[in-house]
Structures are given as C-alpha cells and as structure tokens.
Amino acid sequence: MEKHSSVSLRLPPPDEGPGPGVELLAESRRARASAELASARMRSLQSLTLALSGALTSEDVARAVVVEAVRTLEAQTGGLYLLDARGSTLELVHSVRCPPAIEAAFTHVPLGADVPVAESVRTRAPLWLSDFATLAERFPVAAVPARPEHGDLSIACLPLIARDRTVGCLTFIWGRAHDFDEEERAFIDMLAQQATMALERARLLAAERSQVERVGLLQHATAMLATSLDLGHTLRGVALGLVPTLGDFCIIDVMGPDHEVRRTFHAATPECAGLLAASHWRPPERPGTPICALASGQPVFAPQVDAGWVEATACGPETLALLRTLAPTSWLSVPLDTPEGVLGALTLGHCLSGRHHTVEDLELAMELARRASAAVQNAHLFHQTQQALQLRDEFLAIASHELNTPLTALKLQLSRLRRMSSDGEVRARTTSAVQQVDRLGRLVRELLEVAHLSEGRLHLTPEPVDLVDVCREVLTRFTEEKERAGATIFLRADGAVSGRWDASRVDGMVTHLLSNALKYGLGRPVEVEVACIPGDLARLVVRDRGIGIPAEQLAHLFQRFGRAVPLRHYGGFGLGLWFSRQVVEAHGGHIHLESSPGLGTTVTVELPRTPESS
C-alpha cells in the first residue's frame with residue numbers, strides 16, 4: 001500500500017439562521033473553496049509537469065501521473081494501462097492502492113472485455129460512472145470483483161490518444177458515489193493529456209534508443225563478418241552479439257560445401273546453451289512446419305508463441321522435446337539466401353525474458369542475414385581457393401620432381417654427344433641444346449621453389465659464407481648469358497664480406513637478381529657491389545641501366561608471378577624477385593628496388609651477418 005498526502009478542501013457547514021447575510025457568507029466560502037481547489041489543482045499540474053520532465057520510460061510516466069492524480073483527486077485507487085504491441089490487450093503499467101484481488105483480475109484486460117477501461121479505449125471516449133449501481137447495470141461482469149464491502153464507489157476512465165492513435169487508458173476509483181462536475185472532468189482530462197504527451201515522448205526516446213542499439217548491433221555484426229574468413233569464429237561472434245538484444249538464444253545453421261549443416265549458437269543461460277549444444281538441424285518431416293527458414297527459404301515470424309504453436313509446428317520427437325524445454329514466447333527465422341540458393345538460416349527466440357519480437361526485429365534480422373550470406377559465400381570461396389592453391393602447389397611439386405629426372409638424363413646425353421662428335425655443326429647444335437636444357441632446368445627449379453615456399457618449407461641451413469665468393473661463383477655461370485646479351489658485369493668489393501647464411505639460398509637469390517639485370521639491361525653494363533655496412537650488415541647492390549620499371553608497377557613486383565613486361569618478349573615466370581624476397585626475409589634482411597623507365601633498375605639487399613635464425 002502506498003501512502004500519499006491529500007488535499008482536503010471541504011466546505012464548513014453554514015451558520016444556522018436565515019437571512020441574506022448568511023447566504024452571502026456561504027457564497028463567499030464556496031467561492032473561496034473553489035479558488036483554493038483550482039489553485040491546488042494548478043499546483044498539482046505544475047508538480048506533475050516537473051515530475052514528467054524527468055520521466056524517460058512509460059513506467060516512469062505511469063508512476064508519476066497515477067501518484068500525483070490519486071493524491072490531488074483524493075481517489076481511492078488509480079492506474080494507467082497501455083495497449084500491447086498487437087493492440088489487443090491492455091496491460092496495467094502502474095497502480096496506486098489497488099486491492100490485490102482487483103489488480104490480479106484486471107492486470108491484463110483484453111480489448112474486447114466488457115469492463116469500463118476496455119470500453120473507454122474501444123469508444124475512444126471518457127467514461128464517468130458516478131456509483132456502483134451504474135457500474136453493475138452497464139458492466140455486470142466487472143461489477144462482481146469490484147463490489148465494495150460497504151459504501152459506494154465511482155469510476156472515471158479516460159482514453160490516452162496520441163496523434164489519432166489510442167495508446168492506453170487512465171482510470172480512477174473513488175470509495176464513494178459522486179457526480180463529476182465540469183471542472184473536475186476538465187482537470188482529469190488535462191491529467192490524461194499530460195500523460196499522453198509524456199508517454200509519446202517516452203515512446204520516441206525508446207524508439208531512438210532502440211534505433212541506436214540496432215545500428216550498433218548491425219555495425220558490430222558487420223565488423224565481425226568482415227574481419228575473418230574463419231566462418232565458425234565469425235558466426236560465433238555474430239550470435240554472441242545478438243543475444244539478448246534480439247533474442248534469449250540465437251541459432252545459425254549453415255550448409256557447407258559438403259552439404260552438411262553445421263550449427264553455431266549462443267544462449268543467455270547455460271541451460272539453453274546445453275540444450276542447443278545437443279541439437280542439430282533436421283529437415284521437416286512434413287510440409288508446413290515453419291520453424292527454420294533453411295528448409296523453406298522463407299522467413300518465419302511468430303511474435304506470439306505458446307504451447308499450441310510448439311505442438312503444431314515441431315517436426316519430429318527431438319525437435320518437439322527441444323521446443324518444449326525451451327518454451328519460447330516468440331520465434332523468428334530468416335534464410336541466408338543467395339542467387340545460387342539457401343546457404344543457411346538465422347533463428348532467434350525469446351523464452352525466459354517473456355519478450356516478443358516486432359516487425360522491426362524481423363527487418364533487422366533479414367538485414368543481418370543478407371550480410372551473413374555474403375560472409376558465408378566469401379568463406380566458401382576462400383575455402384575453395386585454398387583447396388585449388390593446395391592442389392596447384394602439389395602439382396607443381398610433383399611436376400618439378402618428375403621433370404628433373406628426364407632433363408638430367410637429356411643433358412648428359414647431349415653433353416656426351418657433343419664430346420663424341422667431330423662435326424662442328426653438330427657440336428654447335430648440341431651446345432645450344434644443352435643451354436636450352438639448362439634454361440628449362442632453372443625454370444623447373446623455380447617451380448619447385450614456389451611449391452616449397454607455398455607450403456612453408458623454406459628451411460635454412462646457415463653456415464659461414466663469403467658473399468663476395470658467392471657472387472664470383474654466380475658470375476662464372478653467366479658467361480654464356482653475358483655473351484648473348486652483349487653485356488659486361490662489374491663486381492666491386494673491397495674485401496671479403498662474410499656472414500652466416502644458407503649458401504644455396506643466397507646463391508639462388510644472387511642468380512635471380514643477375515639474371516633479371518641481364519635480361520632487362522639492354523646489353524648495357526651491370527654493376528654488382530658487395531660491402532659491409534654499419535649495424536653488422538652485408539649489403540648487395542645489383543644495378544642495370546636497362547628498360548626500367550614504371551612507378552605504378554613497382555608495388556606488385558615482389559609478388560608471385562609479378563611482371564612489369566610482356567611475357568612474349570621476355571619470358572620467365574615472374575618468380576625471381578618473389579623468391580629473392582623470401583630468402584632475404586627468411587634471413588632477417590631487407591630487399592628494396594628503385595627504378596625509372598629508361599634509366600634502369602637498382603636492387604639493394606641488406607642481410608644481417610649473424611641472423612637470428614642461425
């Protein structure tokens with residue numbers, strides 16, 4: 001029971017005795033009482049306005065209005081009802097001094113019920129019942145629980161109408177019979193108007209908060225979907241973000257490339273999580289069972305769910321047992337749809353909270369499903385691409401190994417033929433053939449390196465190496481290529497530049513850099529510089545004065561198969577710089593390229609002389 005102070009403005013009994021003076025005195029007292037009553041009501045409206053200024057929710061509004069009105073009107077009981085989302089039931093939001101039996105009977109009032117509060121909302125007109133007899137005559141059903149133990153009662157019900165939309169009703173009960181004069185009706189109507197405006201403001205604030213929350217939820221889900229191609233991790237993050245805003249539990253079923261349905265879920269309670277962990281998607285056993293949109297590809301929207309809905313829609317004993325235990329109060333499921341078909345479904349449900357989904361929830365879920373569909377597609381494409389790349393690398397590795405054997409045998413046979421023949425033309429032709437076999441062998445080795453590096457198999461075996469000696473050794477192998485290119489290679493080094501490196505890898509790196517310099521150098525001199533620099537580093541510089549590279553093509557040259565020139569003019573796989581970068585970075589070094597069209601290219605390599613990998 002709430003206690004409230006009351007304004008008691010009762011007229012004192014007039015003095016005994018006739019006469020115009022007595023009548024005048026009585027009239028004066030009535031006027032004074034009326035003025036005091038008007039003043040009290042004005043103060044009440046001011047107090048209510050102040051209280052409503054801080055009311056941010058409909059519950060705050062109901063509490064402020066009912067408490068102030070009951071105090072000012074000296075009513076026995078007061079309450080404020082709001083229509084539910086479906087517009088079919090009046091829900092008691094707040095009451096003052098309402099007997100428990102009455103409150104239990106009228107907490108949820110169907111709009112079609114034969115009671116005063118429902119009648120006022122249906123007709124959108126105030127209802128004034130001056131005594132119990134009038135109530136019993138017009139509303140016999142409501143009169144039974146409302147019958148007073150002694151005395152009489154009167155009731156006032158005023159519909160709350162905002163922008164031509166009925167939102168609820170304000171009702172008061174007095175423990176006495178009385179007529180509602182014009183001023184009292186006007187005052188109660190003003191209270192209803194104040195309540196209506198405050199409720200509308202609270203509704204707009206709630207809508208704004210909800211919109212902000214929904215935008216934040218959508219942004220969070222979008223970020224989760226965009227940050228990773230790990231589908232399981234991504235969907236778990238999305239499900240986690242949707243609970244409890246859009247449901248007490250979230251289920252995401254996705255059909256994989258193998259056509260197996262994998263379930264990701266999150267629930268607000270461990271009990272729900274345990275039930276979902278033991279569940280998995282099953283196709284409906286009969287048509288017309290709207291539970292999961294994965295089966296039909298159509299949204300399922302059931303904002304009001306009860307046991308009857310569960311019994312009617314559950315397909316199979318396992319699903320029925322799951323739904324019975326979850327006891328959902330609301331359910332929605334939307335498909336993860338693509339032009340190629342349905343990839344999965346996003347399902348949300350309320351249970352323990354007793355909340356119900358709205359049309360806005362359905363629209364948000366469908367937008368989330370559209371974004372999740374794109375993420376699922378991307379993940380599937382990434383998975384397929386990874387498989388294709390793995391198959392390609394496996395093929396390259398097998399092909400490289402298989403080609404090396406016949407190439408080695410062919411080179412031996414050609415070399416033997418060249419030694420055995422005394423014919424000059426035959427010797428020239430076999431020499432040319434050996435060169436082509438060597439070139440083909442280098443290409444095969446490059447393919448094998450691609451396969452090894454793609455599999456993460458670039459293992460280093462550091463040992464003491466003189467980088468100057470490595471460069472000299474590589475230069476001896478480029479004698480024929482220098483002659484074909486008509487170029488000269490100058491090696492500049494002040495002395496030995498030693499370090500601990502993988503000799504074969506460093507040899508391959510220098511070979512690739514020199515090969516590129518001769519290939520694109522237009523027959524002009526190529527310079528190779530080797531030196532020690534501060535920081536315990538070795539520096540290798542390979543410089544040509546050839547065709548050069550446009551600035552816009554520099555970025556992708558260190559990628560696999562990166563090229564800046566036409567394949568038909570220069571050949572090769574475009575793997576030299578990529579391989580060189582892998583070797584340099586594996587040693588903890590750095591490689592840098594500078595180039596300008598027509599001015600040539602300079603490649604600079606810096607290697608720690610004692611790399612950490614050693």
Side-chain angles (χ1 to χ4, degrees), residues 84-89 91 210 213-214 217-218 221 235 238-255 261-337 342-370 372-373:
D84 63 2
R86 293 179 299 171
S88 60
T89 304
E91 305 285 348
S210 177
E213 184 179 29
R214 290 169 185 276
L217 188 151
L218 190 60
L235 294 181
V238 172
L240 181 65
L242 297 184
V243 176
T245 304
L246 282 185
D248 296 327
F249 57 85
C250 173
I251 305 169
I252 304 178
D253 293 310
V254 174
M255 185 176 295
V261 177
R262 293 168 176 82
R263 170 161 288 182
T264 303
F265 64 89
H266 182 66
T269 64
E271 292 77 13
C272 287
L275 291 172
L276 295 176
S279 69
H280 60 277
W281 182 82
R282 287 182 175 276
E285 296 179 352
R286 62 182 187 276
T289 53
I291 292 181
C292 181
L294 179 57
S296 65
Q298 299 297 320
V300 177
F301 182 50
Q304 300 289 332
V305 168
D306 54 18
W309 182 89
V310 168
E311 300 295 329
T313 57
C315 48
E318 293 183 7
T319 304
L320 180 59
L322 174 66
L323 292 178
R324 283 174 175 173
T325 308
L326 287 176
T329 58
S330 185
W331 190 276
L332 72 83
S333 182
V334 292
L336 306 184
D337 202 5
V342 179
L343 294 178
L346 168 64
T347 303
L348 294 155
H350 288 300
C351 51
L352 297 177
S353 67
R355 293 186 295 158
H356 303 280
H357 290 113
T358 64
V359 175
E360 290 77 12
D361 293 334
L362 175 62
E363 293 173 351
L364 179 58
M366 293 181 68
E367 179 60 31
L368 286 169
R370 280 191 288 269
S373 298

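Reckoned from all heavy atoms, side chains included, excluding hydrogens, waters and symmetry mates. Residues: numbered from 1 along the sequence shown.
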If you define the side chain from C-beta out and look only at heavy atoms, does anything of [X] sit under 4.5 Å from [Y]?
X	Y	value
Arg263	Ile251	yes
Leu332	Pro299	no
Leu368	Leu217	yes

To check you understand the geometry: which heavy-atom pair defines the closest contact between [X] and [Y], and what is its length?
X	Y	value
Ile291	Val300	N-CG2, 4.2 Å
Cys351	Leu326	CB-O, 3.2 Å
Val359	Phe301	N-CZ, 3.9 Å
Ile252	Cys250	CG1-SG, 4.0 Å
Ala369	Pro335	CB-O, 3.5 Å
Ala365	Val334	O-CG2, 3.6 Å

Do the side chain of [X] and the main chain of [Y] share a donor and acceptor less than 3.5 angstrom apart?
X	Y	answer
Thr347	Ser333	no
Ser373	Asp337	yes
Asp248	Ser353	yes

Listed pairs under 3.5 Å, donor-acceptor, residues 238-246 side chains, sequence neighbours left out:
none

Pairs in or reaching into residues 306-315: which pass side chain to side chain donor-acceptor pair (under 3.5 Å), with residues at least two apart or in two chains?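 Passing the test, one end in residues 306-315: Glu311-Arg324.
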All pairs passing ring pair (Phe, Tyr, Trp, His ring centres under 6.0 Å) where residues 343-367 contributes a residue, at least two apart: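 Qualifying pairs, neighbours excluded: His350-His357.
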List the steps and the verdict of salt bridge (charged side-chain N to carboxylate O under 4.0 Å, His left out) for Arg214 and Glu360. CA-CA 10 Å; Arg214 290 169 185 276; Glu360 290 77 12; 5.4 Å; no
